[in-house]
Amino acid sequence: MSEGDSIGESVHGKPSMVYRFFSRLGQIYQSWLDKSTPYTAVRWIVTLGLSFIYMIRVYLLQGWYIVTYALGIYHLNLFIAFLSPKVDPSLMEDSDDGPSLPTRQNEEFRPFIRRLPEFKFWHSATKGILVAMACTFFEAFNVPVFWPILVMYFIMLFCITMKRQIKHMIKYRYIPFTHGKRKYKGKEDVGKTFAS
């Protein structure tokens with residue numbers, strides 16, 4: 001190996017200009033992502049706006065239905081991962097390794113830990129929309145198809161997938177949308193104090 005063969009290094013051992021540029025660009029991107037983390041509603045509104053712009057573009061261009069179908073399948077996979085627990089209870093039935101979902105009312109509270117956290121779900125969904133939008137600028141991705149069949153197939157796929165996911169939720173008794181710790185009522189206070 002010669003002196004400048006490692007990635008991002010110039011002949012004299014210093015990082016190359018291109019490497020420094022992309023490294024700095026990555027830092028700026030990560031900084032913006034970090035700043036957007038607490039603004040959940042704003043992030044999702046922007047994503048829905050991008051999705052709406054994408055749909056208008058596809059409608060006006062009357063094409064790119066395969067790209068739209070692929071985007072729908074990608075979003076469906078993300079949504080299923082968002083609804084699924086990090087540790088699948090069907091695989092953990094006999095094992096006592098680590099935390100699991102409570103199966104009885106009197107069990108200890110364990111929070112629902114998602115396989116795909118909300119932020120990563122939003123980030124992946126937004127990137128998917130942007131990639132699909134970029135694909136609409138290239139005629140090579142405009143494959144001619146009869147779009148009503150794709151719509152019917154997607155609806156069937158969505159219904160079958162969600163039915164299976166809901167059955168899984170019912171069987172293992174978990175709800176992916178609970179907030180906070182459950183509060184239990186203790187014995188009623190009779191109002192008497194004890195003097196020590």
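In this text, all values refer to a predicted model and were calculated from it rather than measured experimentally.
Of all the heavy atoms in V143 and A140, the pair that sits closest is CG2-O, 4.3 Å. Heavy-atom minimum distance, R43 versus T37: NH2-O, 3.2 Å.
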### Task
Begin with the C-alpha distance, continue with both residues' side-chain angles, and end with the deciding distance and a verdict on side-chain contact (heavy atoms from CB on, under 4.5 Å) for H123 and E118.
CA-CA 9 Å; H123 189 236; E118 181 273 332; over 6 Å; no
### Criterion side-chain contact (heavy atoms from CB on, under 4.5 Å) on R24 and Q27, from CA distance to verdict
CA-CA 5 Å; R24 181 67 184 139; Q27 290 172 350; 3.3 Å; yes
### Task
Walk me through it: do S23 and R20 pass the test side chain to side chain donor-acceptor pair (under 3.5 Å)?
CA-CA 5 Å; S23 177; R20 285 187 291 166; over 6 Å; no
### Task
Test L116 against K86 for side-chain contact (heavy atoms from CB on, under 4.5 Å), laying out the working first.
CA-CA 8 Å; L116 182 67; K86 187 172 186 175; over 6 Å; no
### CA sep, side-chain torsions, deciding dist, call: I53, M133, side-chain contact (heavy atoms from CB on, under 4.5 Å)
CA-CA 9 Å; I53 291 169; M133 184 84 73; 3.7 Å; yes
Please report, to 0.1 Å, the donor-acceptor pairs under 3.5 Å made by any side chain of residues 64-73, with sequence neighbours excluded.
{"residue": "W64", "atom": "NE1", "partner": "C135", "partner atom": "O", "Å": "3.2"}
{"residue": "W64", "atom": "NE1", "partner": "F138", "partner atom": "O", "Å": "3.1"}
{"residue": "Y65", "atom": "OH", "partner": "Q62", "partner atom": "OE1", "Å": "3.4"}
{"residue": "T68", "atom": "OG1", "partner": "Y54", "partner atom": "OH", "Å": "2.8"}
{"residue": "T68", "atom": "OG1", "partner": "W64", "partner atom": "O", "Å": "3.0"}

Table please: side-chain donor-acceptor pairs of residues 146-158 below 3.5 Å, with sequence neighbours left out.
none

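The OG atom of S16 lies 12.0 Å from the CZ atom of F21; values are rounded to the nearest 0.5 Å. Interatomic distance, CD1 of I166 versus SG of C159, reported as 9.5 Å (0.5 Å rounding). The distance from atom CD of Q30 to atom CG of L25, rounded to the nearest 0.5 Å, is 12.0 Å. Atom OG of S84 and atom CD of Q165 lie 4.0 Å apart (nearest 0.5 Å).
Using a 4.5 Å cut-off between side-chain heavy atoms of Ile, Leu, Val, Met, Phe, Trp and Tyr, with links allowed through other members, V18 and I28 fall into different hydrophobic clusters. When hydrophobic clusters are built by joining Ile, Leu, Val, Met, Phe, Trp and Tyr residues whose side-chain heavy atoms come closer than 4.5 Å, directly or via intermediates, V131 is not grouped with L61. Clustering ILVMFWY residues whenever any of their side-chain heavy atoms sit less than 4.5 angstrom apart, transitively, puts L48 in a cluster other than the one holding Y74. The cluster map of Ile, Leu, Val, Met, Phe, Trp and Tyr, joined by side-chain heavy atoms under 4.5 Å apart, puts Y59 and I56 in the same cluster. Hydrophobic clustering of Ile, Leu, Val, Met, Phe, Trp and Tyr side chains at less than 4.5 Å, counting indirect connections, unites L50 with L33.
The distance between the ring centers of Y39 and W44 does not fall below 6.0 angstrom. Separation of the Y172 and H168 ring centroids falls under the 6.0 Å cut-off.
Between the side chain of R115 and the backbone N or O of P85, no donor-acceptor pair lies under 3.5 Å. Within the 3.5 Å criterion, the main-chain N or O of A81 finds no donor-acceptor partner in the side chain of R114.
The closest side-chain heavy-atom distance from F79 to L83 is below 4.5 Å. Side chains of P117 and F82 form no contact here, defined as non-hydrogen atoms less than 4.5 Å apart.
For residues 125-145, the pairs satisfying side chain to side chain donor-acceptor pair (under 3.5 Å) are T47-T126, R57-T136, W122-T126, E139-N142, with sequence neighbours left out.
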